[in-house]
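Notes for the one structure printed next.
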Amino acid sequence: MTPVEANMNSEPLTEAQLRTLGTFANTYGLRRFRVDDNNRLSFEYDASRLRDTEVIHVLHQLNIPATKKVN
């Protein structure tokens with residue numbers, strides 16, 4: 001396992017989008033996610049199973065407005 005933490009910018013999320021993030025995390029094997037006060041999304045995942053581009057792609061499919069990875 002290769003744990004990686006990816007940080008992405010986002011627009012403010014609705015309650016429905018936050019629930020969707022919970023489902024996404026359980027389905028795709030993300031270890032944890034959080035949203036901070038500045039609408040930054042942070043995901044911890046296994047890089048041997050997922051790439052950051054795959055995470056962003058699935059987020060967009062779920063109508064989660066995540067943008068490129070930030071530091």
Side-chain angles (χ1 to χ4, degrees):
M1 180 174 164
T2 308
V4 170
E5 186 169 337
N7 297 300
M8 302 167 205
N9 288 322
S10 177
E11 297 173 7
L13 301 177
T14 65
E15 286 185 37
Q17 288 171 315
L18 290 171
R19 282 192 299 276
T20 301
L21 277 176
T23 302
F24 168 72
N26 289 333
T27 303
Y28 286 88
L30 296 174
R31 292 174 41 109
R32 127 179 106 164
F33 77 89
R34 66 181 179 273
V35 181
D36 70 14
D37 293 337
N38 295 320
N39 298 313
R40 182 174 289 182
L41 303 175
S42 179
F43 296 95
E44 186 178 307
Y45 60 93
D46 180 0
S48 65
R49 295 180 56 204
L50 291 170
R51 293 188 315 249
D52 60 342
T53 55
E54 293 172 309
V55 173
I56 292 172
H57 177 74
V58 174
L59 288 171
H60 287 173
Q61 287 182 325
L62 298 171
N63 294 318
I64 306 294
T67 58
K68 263 174 106 170
K69 206 165 113 170
V70 295
N71 291 330

Calculate, to the nearest 0.5 Å, the distance between atoms [atom1] and [atom2] belonging to [X] and [Y] respectively.
{"X": "Ile56", "Y": "Phe43", "atom1": "CD1", "atom2": "CZ", "value": "9.5 Å"}
{"X": "Asn38", "Y": "Ser10", "atom1": "CG", "atom2": "OG", "value": "12.0 Å"}
{"X": "Thr67", "Y": "Arg40", "atom1": "OG1", "atom2": "CZ", "value": "9.5 Å"}

Minimum heavy-atom distance between Ala6 and Tyr45, given as atom pair plus value
CB-CE2, 3.7 Å

Heavy-atom pair of closest approach, residues Ala66 and Met8:
CB-SD, 4.0 Å

Using a cut-off of 6.0 Å, state whether more than 12 heavy atoms not belonging to His60 lie near its atom NE2.
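Enclosed.
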
Any non-hydrogen side-chain atom of Asn9 less than 4.5 Å from a side-chain atom of Asn39?
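No - every pair of side-chain heavy atoms lies 4.5 Å or more apart.
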
Do Leu21 and Leu41 make a side-chain contact, defined as non-hydrogen atoms from C-beta onward lying under 4.5 Å apart?
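SC-SC contact between Leu21 and Leu41 confirmed.
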
For the pair Asp46 (side chain) and Thr2 (backbone), establish whether a donor and an acceptor sit closer than 3.5 Å, ignoring hydrogens and angles.
yes

Any chance you could lay out the side-chain contact (heavy atoms from CB on, under 4.5 Å) test for Asn7 and Glu5, step after step, and finish with the verdict?
CA-CA 7 Å; Asn7 297 300; Glu5 186 169 337; 3.8 Å; yes

Quick one: salt bridge (Lys or Arg N to Asp or Glu O under 4.0 Å) partners of Glu44, sequence neighbours excluded?
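Per chain and number, Glu44 pairs via salt bridge (Lys or Arg N to Asp or Glu O under 4.0 Å) with Arg31, Arg32.
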
Any salt bridge (Lys or Arg N to Asp or Glu O under 4.0 Å) involving residues 9-19? Give me the pairs, sequence neighbours left out, ordered by first then second residue.
none

